[in-house]
Amino acid sequence: MEPDQQALDRPNPIQASSLAEMSGIRHGFFTREGGLSTGDYRGLNVGLGSKDDRATVLENRRRVATWLGHEAAPVNTLHQVHSAAAVLIDRPFEGPPPEADALVTATPGVIIGALAADCTPILFAEPDARIVAATHSGWRGAIGGVLEATVAKMQEAGADPTRIRAAIGPTINQPSYEVGPEFEAQFVARDPDYARYFAVPDGRGRAHFDLPQFVEDRLRATGLHHIERQTACTYENEPLFNSYRRATHRGEPDYGRQISAIVVT
């Protein structure tokens, strides 16, 4: 039997059970599935900063909004710069987005999202206050404080940190994340205990970094108790995910971005 073409044209995001069970909040860790982009961008590329056709990227974003139940709503994302900056919004952006790496909102219908192509996306929700957040965290953001900034901004908006749930999305996993000695050294210089996030696999000469575990532990250090992982490896799972590192290793000129998005309905 041929697959339903309509089904193939729809996004099929990964969901975190801890967020999916909340009423009045819809979310998804979107994959490459259900998009119009072709070539190296194949699938649901939502990166306006990529060299993909802009009209195609906008249609892919519309499909994300439709899946989230708000077809006519823009999908708000930031000019991500690996910072520790979090922004609270109550309406869609009207011009260029600010440089920051976490978005927070309590406004129904305002879709917020984090772009990634190996870095770690995290979606947050506080069900009683109905406050949500979407954070982009590479290693710079994680060590620099973007997770702490997200929680603080949610509290500023009225969230109770004891009720915040966080879900960590698809990201590059340790077996695929080889780093140099200078990378490891700067972590250990900050805290000798950070050495535990590095390991040299059998037959390899360099250490590999465990980014999702580092992000999880930083989240727990903020006092969050409800943390779920949906951390499939973006590098290894080419049919589902874009990967900056994979594109770099192949000498490809550009790469697509997937989105992790959330909205108060």
Side-chain angles (χ1 to χ4, degrees), residues 3-4 7-20 27-47 49-52 56-57 60-61 63-64 67-68 75 77 80 113-123 134-139 141-142 166-179 197-199 201-204 206-216 219 227-262:
D4 179 357
L8 290 176
D9 288 343
R10 289 194 295 266
N12 183 30
I14 296 164
Q15 291 194 282
S17 59
S18 59
L19 302 185
H27 81 285
F29 294 102
F30 289 82
T31 67
R32 302 178 85 160
E33 295 179 312
L36 290 179
S37 296
T38 59
D40 292 340
Y41 305 108
R42 180 184 55 78
L44 194 73
N45 173 34
V46 295
S50 72
K51 297 174 184 176
D52 196 2
T56 300
V57 173
N60 289 340
R61 283 178 168 242
R63 292 184 179 196
V64 169
W67 193 94
L68 291 169
V75 177
T77 54
Q80 296 173 178
L115 305 180
D118 284 337
C119 289
T120 307
I122 309 97
L123 297 177
T135 299
H136 159 263
S137 179
W139 68 266
I168 306 170
T171 182
I172 192 167
N173 283 200
Q174 188 171 25
S176 301
Y177 199 173
E178 181 182 285
V179 297
Y197 298 107
F198 297 86
D202 290 345
R204 305 296 290 271
R206 288 190 166 201
H208 289 222
F209 177 56
D210 193 344
L211 177 59
Q213 188 62 56
F214 185 69
V215 166
E216 179 181 348
L219 285 169
I227 301 171
E228 180 178 343
R229 286 177 61 153
Q230 293 291 338
T231 52
C233 183
T234 49
Y235 185 97
E236 292 293 337
N237 290 278
E238 184 173 0
L240 287 181
F241 305 115
N242 300 287
S243 167
Y244 167 76
R245 179 168 283 222
R246 188 175 62 233
T248 300
H249 286 171
R250 291 178 176 176
E252 295 169 354
D254 197 15
Y255 58 98
R257 284 78 157 169
Q258 53 260 354
I259 192 169
S260 302
I262 192 164

Quick one: pull up [atom1] in [X] and [atom2] in [Y] and give me the separation to the nearest 0.5 Å.
{"X": "I172", "Y": "T120", "atom1": "CD1", "atom2": "OG1", "result": "9.5 Å"}
{"X": "T135", "Y": "Q80", "atom1": "OG1", "atom2": "CD", "result": "9.5 Å"}
{"X": "T248", "Y": "D254", "atom1": "OG1", "atom2": "CG", "result": "10.0 Å"}
{"X": "S243", "Y": "R257", "atom1": "OG", "atom2": "CZ", "result": "12.0 Å"}
{"X": "L219", "Y": "I227", "atom1": "CG", "atom2": "CD1", "result": "4.5 Å"}
{"X": "I168", "Y": "F29", "atom1": "CD1", "atom2": "CZ", "result": "8.5 Å"}

message: Under the rule for ring pair (Phe, Tyr, Trp, His ring centres under 6.0 Å), what residues qualify as partners of F209, not counting sequence neighbours?
response: Y177, F183, F187, F198, F214
With H136 via ring pair (Phe, Tyr, Trp, His ring centres under 6.0 Å) - residues at least two apart: H82
Side-chain donor-acceptor contact under 3.5 Å, N242 with Y41: no
Minimum heavy-atom separation for [X] and [Y], please, with both atom names.
{"X": "L123", "Y": "A261", "answer": "CD1-O, 3.6 Å"}
{"X": "S137", "Y": "V215", "answer": "OG-CG2, 4.0 Å"}
{"X": "G34", "Y": "L44", "answer": "O-CD1, 3.6 Å"}
{"X": "P170", "Y": "P121", "answer": "O-CD, 3.1 Å"}
{"X": "G138", "Y": "L211", "answer": "C-CD1, 4.2 Å"}
{"X": "G113", "Y": "T77", "answer": "O-CG2, 3.6 Å"}

- line: Residue set satisfying salt bridge (Lys or Arg N to Asp or Glu O under 4.0 Å) with R61, at least two apart, ordered chain then number -> none
message: Among residues at least two apart in sequence or on other chains, which ones pass salt bridge (Lys or Arg N to Asp or Glu O under 4.0 Å) with E236?
response: none
Partners meeting side-chain contact (heavy atoms from CB on, under 4.5 Å) with [X] (sequence neighbours left out):
{"X": "Q213", "answer": "Y197, D210, E216, D217, R229"}
{"X": "S18", "answer": "A16, R165, E228"}
{"X": "L240", "answer": "T31, E33"}
{"X": "E178", "answer": "R204, R206, H208, R245"}

side-chain hydrogen bond (donor to acceptor under 3.5 Å, both in side chains) with [X]: which residues, sequence neighbours excluded?
{"X": "N60", "result": "S37"}
{"X": "E238", "result": "R250"}
{"X": "N45", "result": "S50, D52"}

message: As a test of understanding, state which of V46, N12, L68 forms a side chain to side chain contact (heavy atoms under 4.5 Å, CB included) with F30.
response: L68
- prompt: Under a 4.5 Å cut-off applied to non-hydrogen side-chain atoms, are P212 and N173 in contact?
  reply: yes
message: Keeping R63 on the side-chain end and R10 on the backbone end, is there a donor-acceptor pair under 3.5 Å?
response: no
task: Mark yes or no for whether E252, through its side chain, and D40, through its backbone, hold a donor-acceptor pair below 3.5 Å.
output: no
query: Which residue pairs satisfy the ring pair (Phe, Tyr, Trp, His ring centres under 6.0 Å) criterion with at least one member in residues 227-259, sequence neighbours excluded?
result: Y235-H249, Y244-Y255
